[in-house]
Number of protein chains: 2
Amino acid sequence: MADIKPFGKALFLREEELRRGIELMYFAYRDFTGEADSILAEQDMGRAHHRAIYFVGRHPGMRVSDLLAILNITKQSLSRVLSTLVTDGYIIQKTGAGDRRQRLLYLTEKGIVLEARLTEVQGRRFAAAYRNAGAKAVEGFQHVLQGLLDAETRSQIDRQDQNE
Amino acid sequence: MADIKPFGKALFLREEELRRGIELMYFAYRDFTGEADSILAEQDMGRAHHRAIYFVGRHPGMRVSDLLAILNITKQSLSRVLSTLVTDGYIIQKTGAGDRRQRLLYLTEKGIVLEARLTEVQGRRFAAAYRNAGAKAVEGFQHVLQGLLDAETRSQIDRQDQNE
DNA sequence: GATAATTGGTCAACATGGCTGACATAAAAC
DNA sequence: GTTTTATGTCAGCCATGTTGACCAATTATC
């Protein structure tokens with residue numbers, strides 16, 4: 001990947017630029033999750049709980065298998081956090097009307113409150129970053145992030161976008 | 001991206017847009033680290049080893065305390081991975097010339113090879129995403145990511161940029 | 001030159017959240 | 001009526017974060 005060419009359009013692909021992206025991605029993700037982690041720690045929960053609460057809040061009535069597909073973890077891993085969330089009253093499971101094998105997932109009032117609080121701190125951070133960078137930058141940001149996704153993740157997201 | 005906005009400039013700050021960012025960040029970070037994780041697993045290493053190798057490669061001769069400051073973890077956590085990396089011959093520690101308490105960190109040849117391999121797969125992904133999105137988008141991407149950082153992280157990065 | 005501070009390391013114990021493998025039950029589908 | 005699907009559970013392993021206590025070598029300070 002020599003790319004010494006002193007002019008030409010692909011100059012931004014230099015190794016330095018790529019490393020900059022790699023590092024920014026690491027630091028930004030870490031800081032972006034930090035605040036929520038603190039709130040969760042108060043509640044004796046971790047990031048895994050957050051993800052479950054977040055996506056159930058996003059897709060009320062989703063099936064367990066849907067959540068598993070989104071998170072891409074084993075059902076044993078999910079089960080650990082899901083059962084504590086149900087026990088502690090953040091999530092309720094309702095038997096599916098059509099298919100009674102399904103346990104459709106919903107946030108309780110308590111769950112809705114926590115989800116809102118967590119999404120608010122993360123949303124604030126994004127709102128500030130977005131406002132500061134401007135609408136054009138936001139577009140570019142989303143475009144690049146989409147390009148970093150695995151093909152499967154991308155099609156998964158696309159499918160979701162259509163069902164709304 | 002519906003983009004219906006009939007009027008008003010700050011419309012992109014709506015909750016949907018923020019949630020889109022939150023989710024993209026989660027999925028992109030996960031997928032972005034996935035490939036490297038696979039390579040590391042072959043070597044019986046994890047992400048923590050990767051971070052150490054990466055930053056030592058980036059700042060040869062750095063002190064242990066510098067690495068700790070960058071990673072923002074405890075020395076006990078770092079010690080665990082650092083000592084295996086030294087034992088397995090990826091990193092060497094040289095006593096500081098001026099201050100003999102310091103153990104300056106360097107990659108070995110073996111370490112350099114592994115670092116290059118890991119950075120290459122991540123760099124490829126970024127290069128593809130960058131190429132696809134265009135230079136303007138890359139600028140926006142970096143701008144937004146910087147806006148997501150904690151103030152301390154930002155000043156830390158700035159300081160580093162100056163020392164180069 | 002004695003004392004204090006810095007740099008780095010170590011032992012032990014604990015929590016979180018991934019993983020595999022094996023197995024169980026209820027409901028639906030064929 | 002058998003098979004498949006959706007979900008859950010037990011048991012154990014691993015990686016990587018944490019806290020707390022303590023130690024040695026070296027440097028800096030009074």
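A, B, ... follow the sequence lines: proteins, then strands. Residue 1 opens every chain. Fair warning: this is a prediction, and the values are worked out from it, not measured in the lab.
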Kindly say if [X] contacts the phosphate of [N], meaning a side-chain N or O under 4.0 Å from OP1 or OP2.
{"X": "A/S79", "N": "D/dT9", "value": "yes"}
{"X": "B/R30", "N": "C/dG18", "value": "no"}
{"X": "A/S65", "N": "D/dT7", "value": "yes"}
{"X": "B/H49", "N": "D/dA15", "value": "no"}
{"X": "A/T74", "N": "C/dC19", "value": "yes"}

Which nucleotide in the list [options] gets nearest to the side chain of [X]?
{"X": "A/Q93", "options": "C/dG9, D/dT16, D/dG8", "answer": "D/dG8"}
{"X": "B/R100", "options": "C/dT20, C/dG18, D/dT27", "answer": "D/dT27"}
{"X": "A/A48", "options": "C/dG17, D/dT16, D/dG8", "answer": "C/dG17"}

Does A/Q102 offer a backbone N or O that forms a donor-acceptor pair with the side chain of A/R63 under 3.5 Å? no
Do any N or O atoms from the side chain of A/T119 and from the backbone of A/A116 form a donor-acceptor pair under 3.5 angstrom? no
Does a salt bridge link A/R124 with A/E120, judged by any charged N lying under 4.0 Å from a carboxylate O? yes
Starting at the 5' end of DNA chain C and moving along, which residue's nearest nucleotide shows up first, B/L82 or A/V81?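 Nearer the 5' end of the strand: B/L82.
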Contact nearer the 5' end of DNA chain C, comparing B/K75 with A/I73: B/K75
Length of the [atom1]-[atom2] vector between [X] and [N], whole Å:
{"X": "B/L67", "N": "C/dG9", "atom1": "CG", "atom2": "P", "answer": "10 Å"}
{"X": "A/L68", "N": "C/dG18", "atom1": "CG", "atom2": "P", "answer": "11 Å"}
{"X": "A/L78", "N": "C/dC19", "atom1": "CG", "atom2": "C1'", "answer": "14 Å"}

State whether the distance check finds a donor on one side and an acceptor on the other, under 3.5 Å, for side chain [X] versus base [N].
{"X": "B/Q76", "N": "C/dG8", "result": "no"}
{"X": "A/R80", "N": "D/dG8", "result": "no"}
{"X": "B/R101", "N": "C/dT6", "result": "yes"}

